[in-house]
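To start, the structure under review is shown below, and the notes come after it.
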There are 2 protein chains.
Amino acid sequence: MPNDSRPEGSNDRRVRADARRNEDGVLAAAKELFASAGIDVAVRDIAAKAGVGVGTLYRRFPKRSDLVAAVFRQEVDACAAEAAILAATYPPDQALIHWLWRYTGFIATKKGLATALHSGDPAYAALPDYFRTSFEPALASLLEAAAATGKVRDDIAPYDLLRAIGNLSVAPDAEGTAHTHRMVDLMIDGLRRR
Amino acid sequence: MPNDSRPEGSNDRRVRADARRNEDGVLAAAKELFASAGIDVAVRDIAAKAGVGVGTLYRRFPKRSDLVAAVFRQEVDACAAEAAILAATYPPDQALIHWLWRYTGFIATKKGLATALHSGDPAYAALPDYFRTSFEPALASLLEAAAATGKVRDDIAPYDLLRAIGNLSVAPDAEGTAHTHRMVDLMIDGLRRR
DNA sequence: CCATATACGGAACCATGTTCCGTTTAACAA
DNA sequence: TTGTTAAACGGAACATGGTTCCGTATATGG
């Protein structure tokens, strides 16, 4: 009888390099296709673009919704992380504005997701929370720093602002982006201290 | 050469009786299944429940979305028509309240549709308009009559009220109906003249 | 260089919408 | 009543998309 009690500390073999590579490739392919072809692209197409078989894809993402959720999280991370970068690059009030536009762009790519989110699939259940816990602190620190300069109001709740921009991005289909752009512009203007 | 110029007036053969029967049956089956099994039931199941083949179903409703739209219109008609019935049965203020609850029930069954509506399928494009042109006049006349009794405010825009109740019905999933019920109760109470 | 756990690819399976077409039948007229 | 025929019917077959299976290939540790 082989010793099947694990040696306590570092146990399992490392993840194989090709596995990691493929996972990254699938995520990248999915991200691109979701953006260009919409949330409904066939899993086959994603696998093909990533240069792997569907089996490989399904090994990592047992359900299509798992892949969607993973891409979503990845993009949330990227957008949230940018807050710190912008804060280190621009003066506080400018950093805030730059990030709000970045966030607006993020939201704009999430049209299809919005409906999927409310589809009841448990794979999506955790996403709203992930969204909030990633973005709220990021925006909070930008707002705080900007308010400290005296150029921006100090009575804005980060989550309110996140939602407001999100809502503004839903309105009309035709000529939609231009309309959204104007409204967000207005809102950003409203943040300035008079 | 047969005379193929139509005798101008009544031309085409009548619609066959079985055709009409089957159309009604399909609509009835679809209505039931949409309510009990959700908007995503398979077309096959609807055809089976109606006792017809899928070919028959598709003859009348070339696209699944056509069937969905037809059921929707049918239910809008039924709900709107009830306004007149209630108005003839109850005193104006009571008729208004009864109908608002009826409308709340109608909305409650439309959860799945809401997402479908924004799916871009052209079959659904006309539905919002149909919704409004059916319900707005119905509610308007109820409101008007109720306001004339002096028991109900006279400054309510019918469409605002329709939307308000619609919005109240979207909120939380868990314990949702009870919550919605309380909110609508409040809103109806708010209609009364002090 | 071997042994093997792991990962890979893609054919096959299942569910769903949609199309096709041979068969049946209601409606009309002789 | 009966024959004719346009219309309608049923359901197999097709297209597409998610998911599973499993024989083959290979990275990793010794």
Side-chain angles (χ1 to χ4, degrees), chain A residues 2-4 6-7 9-27 29-30 33-34 37-70 112 116 119 121-124, chain B residues 2-4 6-7 9-27 29-30 33-34 37-71 112 116 119-124:
Chain A
N3 175 7
D4 61 351
R6 312 277 193 55
S10 66
N11 34 19
D12 293 334
R13 201 176 274 207
R14 271 185 6 224
V15 198
R16 271 169 54 167
D18 54 346
R20 166 164 293 286
R21 258 201 315 280
N22 282 328
E23 174 167 349
D24 292 348
V26 166
L27 277 173
L33 285 179
F34 285 156
I39 202 76
D40 287 326
V41 271
V43 171
R44 281 165 175 69
D45 294 345
I46 299 173
K49 171 150 196 154
V52 304
V54 284
T56 300
L57 188 158
Y58 269 89
R59 162 174 296 265
R60 214 72 51 182
F61 307 99
K63 300 285 205 180
R64 150 183 256 283
S65 51
D66 294 326
L67 179 53
V68 173
S119 72
D121 189 315
Y124 299 137
Chain B
N3 176 6
D4 62 351
R6 313 277 192 57
S10 66
N11 33 19
D12 294 334
R13 203 175 273 209
R14 265 176 24 213
V15 196
R16 273 170 52 166
D18 54 347
R20 165 164 294 283
R21 258 201 317 279
N22 283 329
E23 174 166 351
D24 292 349
V26 167
L27 277 173
L33 285 180
F34 285 157
I39 202 78
D40 286 326
V41 271
V43 171
R44 279 165 177 69
D45 295 345
I46 298 173
K49 171 148 196 155
V52 305
V54 283
T56 300
L57 189 159
Y58 270 88
R59 161 174 297 266
R60 213 71 51 180
F61 307 99
K63 300 285 204 181
R64 152 184 254 283
S65 51
D66 294 327
L67 179 54
V68 173
V71 170
S119 72
D121 189 317
Y124 299 137

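Note on naming: letters A, B, ... go to the chains in the order of the sequence lines (proteins, then strands), and numbering restarts at 1 for each one.
Using a 4.0 Å cut-off, no side-chain N or O of B:N22 falls inside it from OP1 or OP2 of D:dA8. An OP1 or OP2 oxygen of C:dA7 is reached within less than 4.0 angstrom by no side-chain nitrogen or oxygen of A:T56. A close approach under 4.0 Å does occur between a side-chain nitrogen or oxygen of B:R60 and OP1 or OP2 of D:dC9.
Side-chain atoms of A:N22 and A:T56 form no donor-acceptor pair, as typed in the model, at a separation below 3.5 Å.
Between the CZ atom of A:R21 and the C1' atom of C:dT6 there is a distance of 14 Å, rounded to whole Å. The nearest whole Å value for the distance from the CG atom in B:L33 to the P atom in C:dG17 is 12 Å. We find that NZ of B:K63 is positioned 15 Å from P of D:dA15, with the value rounded to whole Å. A straight line from OH of B:Y58 to P of D:dA7 spans 23 Å, rounded to a whole angstrom. With rounding to whole Å, A:R59 atom CZ is found 15 Å from D:dT19 atom C1'. Separating the CZ atom of B:R20 from the P atom of D:dC9 is a distance of 12 Å, rounded to the nearest angstrom.
Across the interface with DNA chain D, nearest-nucleotide mapping of A:G55 and A:D40 shows A:D40 to be the residue nearer the 5′ end.
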Between the protein and nucleotides 28-30 of chain D, which nitrogen or oxygen pairs are less than 3.5 angstrom apart?
{"residue": "D:dT28", "atom": "OP1", "partner": "A:A17", "partner atom": "N", "Å": "2.9"}
{"residue": "D:dT28", "atom": "O2", "partner": "A:R13", "partner atom": "NH1", "Å": "3.3"}

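Heavy atoms of A:R64 sit under 4.0 angstrom from primed sugar atoms or phosphate atoms, though from no base atom.
Of the residues in residues 41-53 of chain A, those placing a heavy atom less than 4.0 Å from an atom of DNA chain D are A:V41, A:A42, A:V43, A:R44, in numerical order.
Side-chain contact check for B:I46 versus B:F34: some heavy-atom pair is nearer than 4.5 Å. Annotation: side chain of B:V26 is not in contact with side chain of B:R60 (no heavy-atom distance under 4.5 Å).
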Apply the test side-chain contact (heavy atoms from CB on, under 4.5 Å) to residues B:L27 and B:F61: give CA-CA distance (whole Å), side-chain angles for both, the deciding distance (0.1 Å), then the verdict. CA-CA 10 Å; B:L27 277 173; B:F61 307 99; 4.0 Å; yes

